[in-house]
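Below: one structure, written as structure tokens.
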Amino acid sequence: QVLLVESGGGLVQAGGSLRLSCAASGLTFSFYAMGWFRQAPGKEREFVAAINWSGGSTAYADSVKGRFTISRDNAKNTVYLQMYSLKPEDTAVYYCAANRAVRIEVVSTAYNYWGQGTQVTVSS
């Protein structure tokens, strides 16, 4: 059974930072590209960042480029999302997802497995 468990969300003031983690089990982690998506109330789920199997290639949404960094530790079966300079518009539930593919994908339908999500709330 594949499990993706996110942690690290919470309430932070604008300008602050958070680091999200996603621990994976039940799969060969290094075979999967990983992504972070988010969904704000009343909005569609949107792509945030993705990383390929080795960590050598990454992609970011324009809205987070320069503020967020995705990374992974294959020895720990964990992917991270370091978030700096947070804004109220970053408030959302953040989901990690696994994609059994070599290339990075930015569309949610490409991902095979999803976590339950962690809430990030940025106050102004």
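The shown structure was predicted, so the numbers you read here are calculated from the model rather than taken from an experiment. One is the number of the first residue; the rest follow in order along the sequence. All heavy atoms count here, side chains included; hydrogens, waters and symmetry mates do not.
Ser17 is listed as a side-chain neighbour of Gln82, based on a closest heavy-atom distance under 4.5 Å. In this structure, Leu86 and Leu18 have side chains that are in contact, with non-hydrogen atoms separated by less than 4.5 Å. Within the 4.5 Å cutoff, no side-chain heavy atoms of Val79 are placed close to those of Leu81. Within the 4.5 Å cutoff, the side chain of Cys22 has heavy atoms near those of the Trp36 side chain. When side chains are defined from C-beta on, Tyr32 does not count as touching Asn99, because their heavy atoms never get closer than 4.5 Å. Contact check for Gln119 versus Leu11: no side-chain heavy atoms found under the 4.5 Å cut-off.
A distance of 9.5 Å separates CG of Leu27 from CG of Asn112, quoted to the nearest 0.5 Å.
Partners of Glu105 by salt bridge (charged side-chain N to carboxylate O under 4.0 Å, His left out), not counting sequence neighbours, listed by chain and number: Arg103.
With Trp53 as the aromatic partner, Arg100 does not meet the cation-pi criteria of under 6.0 angstrom to the ring centre and within 45 degrees of the ring axis. The side-chain tip of Arg19 points at the ring of Tyr80 from less than 6.0 angstrom away and within 45° of straight on.
Side-chain N or O atoms of Gln1 include none that pairs as donor or acceptor with a backbone N or O of Gly26 at under 3.5 Å. Looking only at distances, a side-chain donor or acceptor of Thr118 sits under 3.5 Å from a matching main-chain atom of Gly9. In this structure, Asn52 contributes its side chain and Ser57 its backbone to a donor-acceptor pair below 3.5 Å. Within the 3.5 Å criterion, the main-chain N or O of Val122 finds no donor-acceptor partner in the side chain of Gln13. A donor-acceptor pair under 3.5 Å is absent between the side-chain atoms of Thr28 and the main chain of Ser30, judged by distance alone.
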| message | The test is side chain to side chain contact (heavy atoms under 4.5 Å, CB included); show your working for Phe47 and Val107 and say whether it passes. | response | CA-CA 7 Å; Phe47 170 75; Val107 292; over 6 Å; no

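Residue Ile104 is not grouped with residue Ile70 when hydrophobic side chains (ILVMFWY) are merged at heavy-atom distances under 4.5 angstrom, including chains of intermediate members. Hydrophobic clustering (side-chain heavy atoms under 4.5 Å, transitive across Ile, Leu, Val, Met, Phe, Trp, Tyr) keeps Tyr94 apart from Val106. Residues Phe31 and Met34 are members of one and the same hydrophobic cluster, defined by side-chain heavy-atom contacts under 4.5 angstrom among Ile, Leu, Val, Met, Phe, Trp and Tyr. The hydrophobic clustering, which links ILVMFWY residues whose side-chain heavy atoms are closer than 4.5 Å, places Leu20 and Leu4 together. No path of Ile, Leu, Val, Met, Phe, Trp and Tyr side chains, each step under 4.5 Å between heavy atoms, connects Tyr111 with Tyr60, placing them in separate hydrophobic clusters.
Residue pairs meeting the salt bridge (charged side-chain N to carboxylate O under 4.0 Å, His left out) criterion with at least one partner in residues 89-99, sequence neighbours excluded, are Arg38-Asp90, Arg67-Asp90. Each salt bridge (charged side-chain N to carboxylate O under 4.0 Å, His left out) pair with one or both residues in residues 51-62, not counting sequence neighbours, appears once here: Asp62-Lys65.
In terms of heavy-atom proximity, Val93 sits nearest to Gly117 at CG1-CA, 3.8 Å. Ser21 and Thr78 get closest at one heavy-atom pair: CB-CG2, 4.3 Å. The two atoms that bring Ala14 and Pro88 nearest to each other are CB-CD, 4.1 Å, heavy atoms only.
A distance below 6.0 Å separates the ring centres of Phe37 and Trp114.
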